[in-house]
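Following: one structure in structure tokens, then a few remarks.
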Amino acid sequence: DTGVSQDPRHKITKRGQNVTFRCDPISEHNRLYWYRQTLGQGPEFLTYFQNEAQLEKSRLLSDRFSAERPKGSFSTLEIQRTEQGDSAMYLCASSLYKGGNTEAFFGQGTRLTVV
Amino acid sequence: DAKTTQPNSMESNEEEPVHLPCNHSTISGTDYIHWYRQLPSQGPEYVIHGLTSNVNNRMASLAIAEDRKSSTLILHRATLRDAAVYYCILTGSNAGGTSYGKLTFGQGTILTVHP
């Protein structure tokens with residue numbers, strides 16, 4: 001088990017470009033979460049999946065953001081028409097939900113810089 | 001979501017115990033108390049969680065007040081590797097349990113450990 005992996009680790013993009021990030025959760029984890037973290041702040045919840053179903057989206061997730069988990073394994077987070085305010089660390093986490101409380105395992109994140 | 005309040009920062013000396021407080025006066029009966037920590041340039045890492053009783057694991061101990069309105073994370077012997085931001089988070093369930101696992105981070109407590 002290699003833990004939660006995210007790719008790329010760093011991304012620099014020009015304003016207006018589209019970017020896509022990938023998250024590979026711990027195998028057999030049925031829940032996958034996306035968070036965003038800006039400097040000096042705690043992570044903010046964006047969205048989460050149980051298997052392939054997207055169960056909740058934050059109001060932070062504007063229509064420029066879309067997340068998918070097509071086969072219930074890896075997930076992608078796409079940001080269209082990036083803005084400088086999108087610069088942040090994007091964190092992915094996974095957990096094994098069996099009907100109660102559970103711990104989440106985080107990846108090391110993808111740092112996005114929009115110039 | 002129920003809120004938590006933590007001191008912005010704390011300091012400790014290496015090999016001394018550290019007591020990190022957290023207030024959660026609006027906690028509901030089904031809310032779990034979680035602690036995560038985030039080392040520099042890393043994703044958050046699970047530390048411990050509990051509901052009503054005190055909990056111990058290899059990383060730390062969690063002491064929960066009898067009225068559950070506060071809790072304390074105890075690091076028995078701080079090391080330099082324990083320098084991190086520590087987050088106290090409540091998780092609860094709505095109908096169907098979909099809130100379990102969604103973490104609402106605050107600003108956390110920055111722990112500095114001196115050699």
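Both backbone and side-chain heavy atoms feed into the values below; hydrogens, waters and symmetry mates do not. Below, read A as the first sequence line, B as the second, and so on, with proteins coming before strands; counting in each chain starts at 1.
By the rule that hydrophobic residues join a cluster once side-chain heavy atoms approach within less than 4.5 Å of another member, L39(B) and I110(B) end up as members of separate clusters. Residue Y33(A) is not grouped with residue L96(A) when hydrophobic side chains (ILVMFWY) are merged at heavy-atom distances under 4.5 angstrom, including chains of intermediate members. Under the 4.5 Å side-chain heavy-atom criterion for Ile, Leu, Val, Met, Phe, Trp and Tyr, V113(B) and M10(B) are members of the same hydrophobic cluster. F21(A) and F65(A) fall within the same hydrophobic cluster, defined by Ile, Leu, Val, Met, Phe, Trp and Tyr side-chain heavy atoms under 4.5 Å apart, directly or through other members. Linking ILVMFWY side-chain heavy atoms closer than 4.5 Å, directly or via other members, places Y90(A) and F49(A) in a single hydrophobic cluster.
In this structure, the side chain of Y36(B) engages the main chain of A104(A) through a donor-acceptor pair within 3.5 Å. Under the 3.5 Å distance criterion, the side-chain polar atoms of Y35(A) are left unmatched by any main-chain donor or acceptor of F105(B).
A 4.5 Å side-chain heavy-atom check between H49(B) and E103(A) finds every atom pair outside the cut-off. The side-chain heavy atoms of P43(A) and L103(B), taken from C-beta on, include no pair separated by under 4.5 Å.
The environment of N8(B) atom CG is sparse: at most 12 non-hydrogen atoms of other residues, nucleotides or ligands sit within 6.0 angstrom.
Here CZ of F106(A) is found 13.0 Å from CD of Q42(B). Values are rounded to the nearest 0.5 Å. Separation of atoms CZ (R9(A)) and OG (S41(B)) is listed at 8.5 Å; rounding is to 0.5 Å. Here L46(A) contributes atom CG and K102(B) contributes atom NZ; the two are 11.0 Å apart, rounded to the nearest 0.5 Å.
Closest of all the heavy-atom pairs between Q37(A) and Y87(B) is NE2-OH, 3.6 Å.
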